[in-house]
Amino acid sequence: MDKKVPTLYEWAGGEETFQRLFARFYEKVLKDDLIGPVFRNMSGDHPKHVAHFVAEVFGGPAKYTQEDKGSHAVMIAHHIGKMLDEPKRKRWVDLLLTTADEMGVKDDPEFRSSLVAYLEWGSRIAVINSHLTENPIADDEPMPRWGWGETGGPYEP
Ligand code: HEM
């Protein structure tokens with residue numbers, strides 16, 4: 001018998017989990033000596049937008065693309081020219097995973113494996129794009145999708 005596999009969004013607990021996680025995470029980010037300054041000018045809606053983005057990528061409702069009028073290209077555009085580096089990327093990921101642990105976000109091996117894989121992928125893409133001057137993503141490119149096991153092949157610029 002086929003068993004229904006939930007999306008990562010459903011498994012994590014839906015909208016509320018993503019909103020709580022990113023709200024708490026960016027509180028920590030702003031107090032961080034290394035990456036706090038990078039986010040000094042972010043809007044008050046930044047945590048909500050990132051929560052919407054990741055929730056949508058994880059199979060949740062299309063809030064980033066509809067409510068926030070975002071797209072994959074719009075998200076990438078926020079990173080262009082920011083000149084991020086590996087220490088900053090690593091701190092971002094470490095702080096997010098620490099926040100997830102403190103909040104009791106699902107920690108079964110399968111979910112955490114998928115979450116960490118996505119954060120590694122997305123944060124490394126953010127660093128690469130932060131050194132570009134032009135957006136490599138076309139306006140009409142679809143949002144990325146992330147499930148229980150991804151990537152599919154090596155990085156191609
Ligand atoms: C999976 C990884 C990531 C995702 C999904 C992501 C997502 C986003 C999104 C959706 C925005 C736009 C927010 C808005 O509309 O207000 C944004 C902006 C931004 N992100 Fe990321 N991001 C990621 C990784 C990173 C990393 C690793 C860094 C730096 C260490 C970073 C630095 C920034 C900065 C500086 C902005 C602009 C802030 C501003 O408006 O002043 N991002 N990100």
Side-chain angles (χ1 to χ4, degrees), residues 7-9 11-15 17-101 103 105-106 111-152 155 157:
T7 61
L8 294 174
Y9 171 84
W11 184 252
E15 178 74 14
T17 300
F18 290 86
Q19 289 301 339
R20 281 200 308 127
L21 174 62
F22 283 99
R24 183 79 194 99
F25 167 63
Y26 282 106
E27 282 172 19
K28 283 187 195 291
V29 164
L30 286 176
K31 289 189 206 136
D32 187 83
D33 54 349
L34 182 61
I35 59 171
V38 176
F39 291 91
R40 202 177 47 230
N41 298 320
M42 75 177 184
S43 81
D45 280 342
H46 184 108
K48 184 175 87 175
H49 289 166
V50 179
H52 282 167
F53 182 89
V54 176
E56 187 167 341
V57 170
F58 280 12
K63 294 203 172 180
Y64 187 72
T65 50
Q66 289 181 11
E67 218 172 274
D68 303 338
K69 307 276 177 266
S71 65
H72 192 200
V74 165
M75 185 280 262
I76 296 293
H78 283 279
H79 301 97
I80 303 288
K82 292 287 193 301
M83 304 306 279
L84 304 173
D85 58 16
E86 176 57 19
K88 292 192 177 88
R89 183 199 74 81
K90 196 156 190 313
R91 181 68 59 87
W92 192 95
V93 173
D94 286 350
L95 272 181
L96 188 47
L97 291 174
T98 302
T99 311
D101 285 342
M103 287 177 40
V105 169
K106 284 259 168 77
F111 178 72
R112 283 306 179 98
S113 156
S114 306
L115 176 65
V116 167
Y118 173 69
L119 295 176
E120 277 293 311
W121 179 78
S123 64
R124 285 172 192 273
I125 299 278
V127 173
I128 292 169
N129 288 329
S130 78
H131 292 266
L132 303 179
T133 49
E134 278 179 35
N135 196 335
I137 303 291
D139 288 346
D140 58 356
E141 280 198 39
M143 290 282 280
R145 293 278 163 220
W146 209 260
W148 295 95
E150 298 306 326
T151 87
Y155 178 73

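Each ligand, and each atom within it, is numbered from 1 in the order the structure gives. FYI, the numbering just counts along the sequence from 1.
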Derivation and outcome, side-chain contact (heavy atoms from CB on, under 4.5 Å), residues Glu67 and His49: CA-CA 9 Å; Glu67 218 172 274; His49 289 166; over 6 Å; no

Donor-acceptor contact below 3.5 Å, side chain Glu56 vs main chain Thr65: yes

Donor-acceptor under 3.5 Å (Glu150 side chain, Gly147 main chain):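 Yes; judged by distance alone, with no hydrogens or angles, the pair exists.
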
Between [X] and ligand 1, which part of the residue brings a heavy atom under 4.0 Å of the ligand: side chain, backbone, both or neither?
{"X": "Met75", "answer": "side chain"}
{"X": "Trp121", "answer": "neither"}
{"X": "His79", "answer": "side chain"}

Counting non-hydrogen protein atoms only, what is the nearest one to [atom]? Give residue, atom name and distance.
{"atom": "atom 15 (O) of ligand 1", "value": "His49 ND1, 2.9 Å"}
{"atom": "atom 12 (C) of ligand 1", "value": "His78 CD2, 3.3 Å"}
{"atom": "atom 34 (C) of ligand 1", "value": "Phe39 CE2, 3.7 Å"}

Subset of ligand 1 atoms that lie under 4.0 Å from at least one heavy atom of Ala126: 24 (C), 25 (C)

Val50 touching ligand 1 at heavy-atom level, < 4.0 angstrom: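 Yes, Val50 has a heavy atom closer than 4.0 Å to ligand 1.
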
Phe53/Tyr64 under ring-ring contact (aromatic ring centres under 6.0 Å, His included): CA gap, chis, key distance, verdict: CA-CA 5 Å; Phe53 182 89; Tyr64 187 72; 5.1 Å; yes

Parallel, tilted or perpendicular: rings of Trp121 and Tyr118 (30°, 60°): tilted

Sub-4.5 Å side-chain heavy-atom contact between Phe18 and Tyr9: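 Heavy-atom side-chain distance check passes, below 4.5 Å.
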
Sub-3.5 Å N/O-N/O distance, Tyr64 and ligand 1: no

